[in-house]
Each structure stands twice: as structure tokens, then as C-alpha cells.
Number of protein chains: 2
Amino acid sequence: MDQEMKVAYQDDLDEETLFLVSQTFKALSDPTRIRILNLLFKKEYSVNEIAETLELKQSTVSHQLRFLKNLRLVKYRREGTTLFYSQDDEHVMNMLKQTIEHANHS
Amino acid sequence: MDQEMKVAYQDDLDEETLFLVSQTFKALSDPTRIRILNLLFKKEYSVNEIAETLELKQSTVSHQLRFLKNLRLVKYRREGTTLFYSQDDEHVMNMLKQTIEHANHS
DNA sequence: CTTAAATATGAATATATAATCATATATGAA
DNA sequence: TTCATATATGATTATATATTCATATTTAAG
């Protein structure tokens, strides 16, 4: 490896890490997604239940769930025509919980 | 308080919390800001040092530092015409460090 | 095979965001 | 005061994002 590249990168992050980290935090940077994940702390919810509870359009919830699903932050199980979504990443959910608590008593 | 409002809000977050939490994560959702904060793990840097190290425009760095400063994630001290920026939020920096490590061995 | 219910999807739109350029401001030295 | 250096700021532009509407798809029931 070239000496100059080493120097240039020694205090910087590689692209893959940067992408993964930024995507993870981006998932938690939108109020709607935070509200959805906050629901999923306690139990699983169907798409419609989330929409009703949070007073959001069904399509809004579905789009955001797809986003969260792609990042493997949520998973679902099917029961007939109903899909029950639940959390699927302990690390991220813990960060969210911590930050909510941090924000609450500040 | 109205019964209906209670019901609507019981599993939801209040607006202020939601704003604080989303802003915090938004700060960490941009690759450029992540790279800047990643530098500040080790030591303080001037604006120009950050720009040179990360090969960014001076104005880009300055804009992003203002963003991070507004959220009190960084602070600075002056030495002549030079401003040295450093980290100013342990909780957020720990989250970032954890997530970088998590991303690195995955 | 039709229908109803639940969910997903695509297109459109409005808004937010990041980077850049040009320039302003601030500090200290001469 | 003049100048050089470091940093900040405002305006512009390009891109990304979230929401919405309309409609498609999927599943199970009848």
C-alpha cells in the first residue's frame, strides 16, 4: 500500500463503514420512524394498528416499514392477510431507548 | 386532560422529545459529520486541519461545525485567529463509537 | 371465481439537506 | 491602518427524503 494513502486514511473511516453507520443513524433521524420503533419496544403491531395508533396514512407506515425492514431493524410474521411487525436489532433499539431517556430528563 | 388525548398519546412520544431525539440522530446520519466527529475522538482540530485531513472545502467544514455546535455536540477554543474544535457530548460520542465498532466487525 | 381486507407499490409533489462559490468578518502582526 | 490568515455566512443549486394519492398485489373466505 502506498505511503500517502496510508497517511490520508489513517484518521478517516473507510467508505463501507461510513455508509453503514450513516444509514443506521438515518433510520433513527426521522420522527415518524422513531414513533414506529418506539411502539415496537413493547410488542408487535400490524401495519394498520401502527397507522391507527399514530394517526398516519397506511401507505406512509408501509413505506417506512419497508425502509426499516431493508436495514433489518424490523421483521414481520404473517397471520392471514395481516403482517405483524416487531423489532429485529437489539443494538439499535437500545440506542434509541437510551437517547429517548436522555432527552426526557434534560 | 381529555380522555381521548390520553389514549392517543399513551404509546407515543411528545413532540419535544421527538424533536430532540430526531435531531441527535440526524447529526450522526451524514457521512461528512461522522468523519468530522470521528476525528474529534482523539484530539481537537482547527477548521483548516479538518478540511485538509478529510479533503473537504473549508466552507463545508465550517457549515457542518456550526450544525454540530448548535446541537452542542462540539465546542471550540480560540487561539489567535484559529479555532480549535473538540467534542462536547459524551453520550453521543459513545453511541457513535459503538456503532462504528459494530459496523466494522459485521 | 368473486369479494373483502390488509398491505405494498409507483408516481408525483413538496420540503429538507449538503455542497459550493463568493464574500464578509475577525484577529493579530507589521 | 493595512495586510494576511482563519473562519463564518448567505445565496444558489443539486440531490435526497417524506408524504400522499391512486392503484396493484396478496391472502383467505364464501
Side-chain angles (χ1 to χ4, degrees), chain A residues 12-13 15 18-40 44-86 88, chain B residues 12-13 15 18-40 44-86 88:
Chain A
D12 202 1
L13 300 166
E15 262 191 64
L18 210 50
F19 181 75
L20 262 167
V21 172
S22 62
Q23 283 295 109
T24 301
F25 286 120
K26 194 185 302 173
L28 302 175
S29 73
D30 177 72
T32 300
R33 286 193 291 270
I34 294 174
R35 294 172 73 209
I36 292 175
L37 290 175
N38 179 62
L39 275 190
L40 301 185
E44 62 179 14
Y45 278 82
S46 73
V47 178
N48 273 339
E49 285 173 342
I50 295 173
E52 286 161 20
T53 306
L54 302 182
E55 299 182 78
L56 296 168
K57 304 281 182 184
Q58 178 270 325
S59 63
T60 297
V61 174
S62 186
H63 280 302
Q64 296 294 12
L65 285 172
R66 179 167 58 175
F67 183 105
L68 296 170
K69 183 75 172 47
N70 286 340
L71 283 173
R72 298 177 198 278
L73 301 188
V74 302
K75 61 181 191 292
Y76 65 79
R77 68 176 181 87
R78 176 180 292 280
E79 198 166 293
T81 58
T82 303
L83 302 184
F84 288 98
Y85 279 83
S86 57
D88 198 29
Chain B
D12 204 0
L13 300 166
E15 263 191 62
L18 210 51
F19 181 75
L20 262 168
V21 172
S22 62
Q23 283 295 108
T24 301
F25 286 120
K26 195 186 302 175
L28 303 175
S29 72
D30 177 71
T32 300
R33 287 192 291 270
I34 294 174
R35 294 173 73 207
I36 293 174
L37 291 174
N38 178 63
L39 275 189
L40 301 184
E44 63 180 12
Y45 279 81
S46 72
V47 178
N48 273 339
E49 286 173 340
I50 295 172
E52 286 160 20
T53 305
L54 302 182
E55 299 182 79
L56 296 168
K57 304 280 182 185
Q58 177 270 325
S59 62
T60 296
V61 174
S62 187
H63 279 301
Q64 296 294 11
L65 284 172
R66 179 167 59 176
F67 183 105
L68 295 170
K69 183 76 173 49
N70 286 339
L71 283 174
R72 297 176 199 278
L73 301 189
V74 302
K75 62 181 190 292
Y76 64 81
R77 70 178 181 84
R78 176 180 292 280
E79 199 167 293
T81 58
T82 303
L83 303 184
F84 288 98
Y85 279 83
S86 57
D88 198 29

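Values reported hereafter were calculated over all heavy atoms of this structure, with side chains retained and with hydrogens, waters and symmetry mates removed. Each chain gets a letter, A, B and so on, in the order the sequences are listed, and its residues count up from 1.
Listed nucleotides: D:dA18, D:dA8, D:dA28. Nearest to the side chain of B:Q58: D:dA8. Comparing C:dG28, D:dT27, D:dA18 by their closest approach to the side chain of A:F67 singles out D:dA18. With distances taken from any side-chain atom of A:S59 to the nucleotides D:dT20, C:dC21, C:dT7, the minimum falls on D:dT20. Listed nucleotides: D:dT19, D:dA22, C:dA18. Nearest to the side chain of A:T32: D:dT19. Listed candidates were D:dT27, D:dA22, D:dA6. Nearest to the side chain of A:R78 is D:dT27. With C:dA19, D:dT20, D:dT7 as the candidates, the nucleotide lying closest to the side chain of A:K57 is D:dT20. Distances from the side chain of A:T60 to the nucleotides D:dT5, D:dT20, C:dA8 place D:dT20 closest.
The number of heavy-atom neighbours closer than 6.0 Å to CZ of A:R77, taken from other residues, nucleotides and ligands shown, is above 12. For B:F84, the CZ atom is densely surrounded, since the number of other residues' heavy atoms within 6.0 Å is greater than 12.
Residue whose closest nucleotide on DNA chain D sits further toward the 5' end, between A:K26 and A:G80: A:K26.
Between A:D30 atom CG and D:dA16 atom P there is a gap of 17 Å when expressed in whole angstrom units. Rounded to whole Å, atom P of C:dA18 lies 13 Å from atom CG of B:L65. If you take CG of B:L83 and P of C:dG28, they are 11 Å apart, rounded to a whole angstrom. Protein atom CG of B:N48 is 17 Å distant from nucleotide atom P of D:dA4, rounded to whole Å. Rounded to an integer number of Å, the gap from CG of B:L56 to C1' of D:dT7 is 15 Å. The separation between A:L68 atom CG and C:dA8 atom P is 12 Å, rounded to whole Å. Here the P atom of nucleotide C:dA6 and the OH atom of A:Y76 are 17 Å apart, to the nearest Å.
Under the Watson-Crick or G-U wobble criterion, with both distances below 3.5 Å, C:dA30 is paired with D:dT1.
No side-chain heavy atom of A:D12 sits less than 4.5 Å from a side-chain heavy atom of B:E55.
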### Task
Any chance you could lay out the ring pair (Phe, Tyr, Trp, His ring centres under 6.0 Å) test for A:Y85 and A:Y76, step after step, and finish with the verdict?
CA-CA 4 Å; A:Y85 279 83; A:Y76 65 79; 5.3 Å; yes
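Among the atoms of the strands shown, only primed sugar atoms or phosphate atoms (P, OP1, OP2) are found under 4.0 Å from some heavy atom of A:Q64. Here B:Y85 lies in heavy-atom contact (under 4.0 Å) with sugar-phosphate atoms only.
For A:T81, no side-chain nitrogen or oxygen approaches OP1 or OP2 of D:dT27 to under 4.0 Å. The shortest distance between the side-chain N/O atoms of B:R66 and the OP1/OP2 oxygens of D:dT9 is below 4.0 Å.
Taking 3.5 Å as the limit, the base of C:dT17 and the side chain of B:H63 contain no donor-acceptor pair of atoms between them.
Of all heavy-atom pairs spanning A:S62 and A:V47, the tightest one is N-CG1, 4.5 Å.
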